[in-house]
Amino acid sequence: MSLVADFQPSFNPNTKTVLDRNVADFQPSFWRDYFVQYASESMELDQNMLAQIEPLKKYVRDMLVLKTDNLMTKVHLIDSIFRLGLSYHFENEIEEVFQHEIHNNYVQNGEIITFEEDDLNSLAVLFRLLRQQGFHVSPNVFKKFKDEEGNFSERLLIGNVEGMLSLYEATHLMVHGEDILEEALSFTTTHLESVAKLSHSLAIQVKRSLRQTVHKNMPRLEARSYISIYEQDPSHNENLLILAKLDFNMLQRLHQIEFGNVSKWWKDLDVCNKLPFVRDRIVECCVWGLAVYFEPQYSSGRVLMAKLIMIMTAIDDAYDAYGTIDELELFTEAIERWDISCLDKLPDYMQILYKIFFDFYEGIEQQMKNDGRLYVLKYYKKEFKKLIQGYITEARWLNKKYQPTLEEYFRLAIESGGYVLMTTTCYIGMGDIATEDIFKWISNEPKIDNAAMVLARIMDDIASNEFEHERDHIPSFLECYMKQYNVSRETALQEGQRRIYDAWKDINNECLRPTEVPMPILTRIINLSRFMDVVYKDKDNFTDPKGEMKSFIKAMLVEPVPI
Ligand SMILES: CC(C)=CCC/C(C)=C/CC/C(C)=C/COP(=O)(O)OP(=O)(O)O
């Protein structure tokens, strides 16, 4: 069903008629106004829950600071704290343990030492946590699990599913040139795939990991699924488990209200009726924001991100499909001028879009005035203009049926992907921790953001390639690669997957100490890539409202964890 049939705006007589337009047949929203019910509720965290949570937090903090002879127990405790989504409560204590206990005891000149027992599970968890905390430890420690021929030893590993699983998880923190981790990934994948066909509880965990690794998972989804795994572990700590459940539900309540407020903003704008060519994905945009930061202190950042992504999506749909080239040139000019008086020169439907874009900007401006951070505005404007320049170049290419080279395609993809705009906005939502130096840094397109962009671009191109073939669209990565190297689609796909894999290595590398900027700043970029890994792995689950995204939203936003 085409959505355009319902749309009857008044057009300038010299523009194309509705029937001439290149439209995408997007499905309606699955969630419609579901979250609006939460819009009027108080944003205050539930006092009753907070009162239950505080003593449990103290209990966990005491465990963390307690000096122990069995440091490995603490390593596993910290792993559980991370996976249960609780580490944001204990950042200082965890850093302290890493610096003064774990690193001092286990690492010398970058090598993991004093690890006498061949406990692969513990070793791999330790390695993953050290890497995740930014310590550049060598993976050579895994050599002891190889045989005389230099291959991973089937004799030592096959029966040790837990160890193989932890090793598999650890390999996802690899950086370039780590052959031993490449071999470990290949070995563990092969053997775990056989285990996944079985039905015991560890096999279920294996299946889950093969589908979604810890490192690349969205933090809220990881917490939700690990709470169930942890609960079934007979050695679990009951207080830690209760804390995780209460904390998850308390934050879920806050997230529901934010989703409600953003959904209400969208409903009041009435875009679905006024601009039916736009993908109505406001709830999915909220998930994107939630993926970037879930902690309570970033509540306004999440709202900002969700609205920005919805605005980017709406404008993308105009440039990719609905707008005629002349209208798009006008819109581009209006964005360049950044002036509400440009409205009169735009066709009616673009006036609606421009007004939404402009009101959103004015909201940021007002907030930044209040916060004394007006300097962020020039970065925001610059990146928004760059995005629109990227969109119009794509539209011109499409209009002229221009076939870009792979290099031209990537140069443009960095602009039209809007990653610097997304990260800039995400830092606006972080408050004072994002100083002007951070905005300068991100506007210079650091390697980590470029890697995240390449990853997102290729994943999106692969995921949405078939859908985009149903209408005119500029050539994607796959088409550019096939044409430039005269290769099959299969070869281009493999190359795309290789580049995504390499982009993760770049991202991991940029998070090793000493980092260019503080870790909370880098975490947002990793989280954007995690969103891509979860949502775009097999297909575009952002655009498809009934795919896996539906179950992610249910798990994170609809169903509380049973206490
Ligand atoms: C590439 C990517 C996921 C960028 C993230 C930046 C971002 C949040 C953009 C919002 C609009 C959006 C979902 C574009 C992808 O749409 P599409 O699938 O129609 O892709 P296209 O129009 O760029 O080809």
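Read the numbers this way: they start at 1 and go in the same order the structure lists the ligands and their atoms.
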Once you restrict to heavy atoms under 4.0 Å, what part of R279 touches ligand 1? Side chain, backbone, both or neither. side chain
Checking the N or O distance criterion of under 3.5 Å, is ligand 1 in contact with T543? no
M422 heavy atoms within 4.0 Å reach ligand 1 at atoms 5 (C), 6 (C), 8 (C)
What I want to check is whether the side chains of T423 and R524 have a donor and an acceptor closer together than 3.5 Å. no
Classify the contact between D317 and ligand 1 as side chain, backbone, both or neither, using a heavy-atom distance cut-off of under 4.0 Å. neither
Is it the side chain, the backbone, both or neither of M459 that has a heavy atom closer than 4.0 Å to ligand 1? neither
Residues T213 and Y168: side-chain donor-acceptor under 3.5 angstrom: no
For ligand 1, find out whether one of its N or O atoms is nearer than 3.5 Å to an N or O atom of Y536. no
Can you check whether F259's main-chain N or O pairs, donor with acceptor, with S263's side chain at less than 3.5 Å? yes
Parallel, tilted or perpendicular: which fits the ring planes of W338 and F357, with parallel below 30° and perpendicular above 60°? perpendicular
Note: ligand 1 atoms sitting under 4.0 Å from heavy atoms of M312 are 6 (C), 7 (C), 9 (C), 10 (C)
Ignoring hydrogens and angles, write down the donor-acceptor pairs under 3.5 Å from the side chains of residues 430-441, residues two or more places apart or on other chains.
residue: E436; atom: OE2; partner: K378; partner atom: NZ; Å: 3.1
residue: E436; atom: OE2; partner: Y379; partner atom: OH; Å: 3.0
residue: W441; atom: NE1; partner: E516; partner atom: OE1; Å: 2.6

Salt bridge check, R281 against D544: does any charged N sit closer than 4.0 Å to a carboxylate O? no
Would you check the N or O atoms of W288, main chain and side chain alike, for any that come under 3.5 Å of an N or O of ligand 1? no
Within 4.0 Å of some non-hydrogen atom of R457, the atoms of ligand 1 are 1 (C), 20 (O), 21 (P), 23 (O), 24 (O)
Taking only heavy atoms of I309 into account, list the atoms of ligand 1 that are under 4.0 Å away from them. 8 (C)
Identify whether the distance between the nearest side-chain nitrogen and carboxylate oxygen of D460 and R457 falls below 4.0 Å. yes
For D540, the atoms of ligand 1 under 4.0 Å from one of its heavy atoms are 18 (O)
Could you label the plane-to-plane angle of the Y481 and Y485 rings as parallel, tilted or perpendicular, counting under 30° as parallel and over 60° as perpendicular? tilted
With a 4.0 Å heavy-atom cut-off (strictly under), which part of T313 contacts ligand 1: side chain, backbone, both or neither? both
Going by the angle between their ring planes, with limits at 30° and 60°, are W397 and Y402 parallel, tilted or perpendicular? tilted
Is it the case that ligand 1 has an N or O less than 3.5 angstrom from some N or O of D320? yes
Against heavy atoms of F542, which atoms of ligand 1 measure under 4.0 Å? 13 (C)
Any chance CZ of R373 has more than 12 other-residue heavy atoms, nucleotides or ligands included, within less than 6.0 Å? yes
Identify which of G417, A456, S416 has a heavy atom lying nearest to atom 5 (C) of ligand 1. G417
